[in-house]
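Below: the structure, in structure tokens.
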Amino acid sequence: PREPRKPRMFDDSSLEAIAERLRKARWSGMVVLGDDSGSGRSEVALAFAHEHLNAGTYDRVFVLRGTDPDRLEQDYMTLACLVAGDTGDRGYLRRKALEYLEENDRWLIVFLAVVDPAILLSFVPWRNRGHTLCTTTMPDRQKAESHDPHDPWLKYFSVEPTRLEEGAS
């Protein structure tokens, strides 16, 4: 078997680069951390979330697994229960979660290991007031070159994927 990949090193400049991109993305979408598998992008996203929650930048940080629709739905319902209470009515919870995200601005959602960006559409508020950070594996060059630049999803989530080394010194 091949030797396991070690996560790339990151430092405070990586976290500041994410913060700056989130400030620029305000009201328009999300910041995507894209890199190769094993590069440490999820660890960077979680370190950013932890640091900024402790610093008081956000009142709430939610971490959702984006590996498949079922896990994402399960994690989103947990988010909904946290902001609306556990009523058992999924429709009510979903509505209350979206209301919270649209009416408040001191929150961060971290979507980890998103395989298909299309599954995020029903989990992100259209009137985005907080911050959204997403980690994904960068597509290979062939996929990137064949991707339609006029895709409406990419217009809404308007921040280009950021390789981890761009933030590091």
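Hydrogens, waters and symmetry mates play no part in the numbers below; they use all other heavy atoms, side chains included.
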### Derivation and outcome, side chain to side chain contact (heavy atoms under 4.5 Å, CB included), residues T132 and L108
CA-CA 6 Å; T132 308; L108 170 70; 6.0 Å; no
Please walk me through it: do L72 and F111 pass side chain to side chain contact (heavy atoms under 4.5 Å, CB included)?
CA-CA 9 Å; L72 187 55; F111 292 105; 3.7 Å; yes
(message) Could you walk me through whether L112 and L46 satisfy the side chain to side chain contact (heavy atoms under 4.5 Å, CB included) test, starting with their C-alpha distance in whole Å, then the side-chain angles of each, then the deciding distance to 0.1 Å, before giving a yes or no?
(response) CA-CA 9 Å; L112 294 177; L46 292 172; 4.2 Å; yes
V115 and T136: side chain to side chain contact (heavy atoms under 4.5 Å, CB included), yes or no, with the steps?
-> CA-CA 6 Å; V115 177; T136 187; over 6 Å; no
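Listed here is the closest heavy atom pair of L53 and D59: CD1-O, 3.9 Å. In terms of heavy-atom proximity, L93 sits nearest to G85 at CD2-O, 2.9 Å. Across every non-hydrogen atom of A97 and V83, the tightest pair is CA-CG2, 3.9 Å. Scanning all heavy atoms of the two residues, the minimum distance from I119 to P69 falls at CG2-CG, 3.9 Å. Across every non-hydrogen atom of A49 and V61, the tightest pair is CB-CG1, 3.7 Å.
Of the possible donor and acceptor atoms, one in the side chain of D68 sits under 3.5 Å from a partner among the backbone N and O of R71. Between the side chain of D105 and the backbone N or O of R129, no donor-acceptor pair lies under 3.5 Å. Side chain of T135 to backbone of S42: no donor-acceptor contact under 3.5 angstrom is found. N104 places no side-chain N or O within 3.5 Å of a backbone atom of R106 that could act as its donor or acceptor partner. A donor-acceptor pair under 3.5 Å is absent between the side-chain atoms of W107 and the main chain of F62, judged by distance alone.
For the side-chain contact (heavy atoms from CB on, under 4.5 Å) with F48, the qualifying choice from V31, L22, L33 is L22, the only one to do so.
Taking the side chain as every heavy atom from C-beta outward, Q74 and R65 approach each other to under 4.5 Å. Counting heavy atoms from C-beta outward, V124 and I109 have side chains that stay 4.5 Å or more apart.
In this structure, the separation between SG on C81 and CZ on R90 is 9.0 Å, given to the nearest 0.5 Å. Here L15 contributes atom CG and H50 contributes atom NE2; the two are 11.5 Å apart, rounded to the nearest 0.5 Å. Between atom CG of residue D116 and atom OG1 of residue T67 there is a gap of 11.5 Å, rounded to the nearest 0.5 Å. L101 CG to R127 CZ: the interatomic distance, rounded to the nearest 0.5 Å, is 11.5 Å. Within the model, atoms CG of D86 and CE of M77 stand 10.5 Å from one another, a figure rounded to the nearest 0.5 Å.
Ion pair E73/R94 flagged as a salt bridge, since at least one NZ, NE, NH1 or NH2 atom sits closer than 4.0 Å to an Asp/Glu carboxylate oxygen.
Remark: R60 is positioned above the aromatic ring of Y100, its terminal NZ or CZ atom under 6.0 angstrom from the ring centre and at most 45 degrees off the axis.
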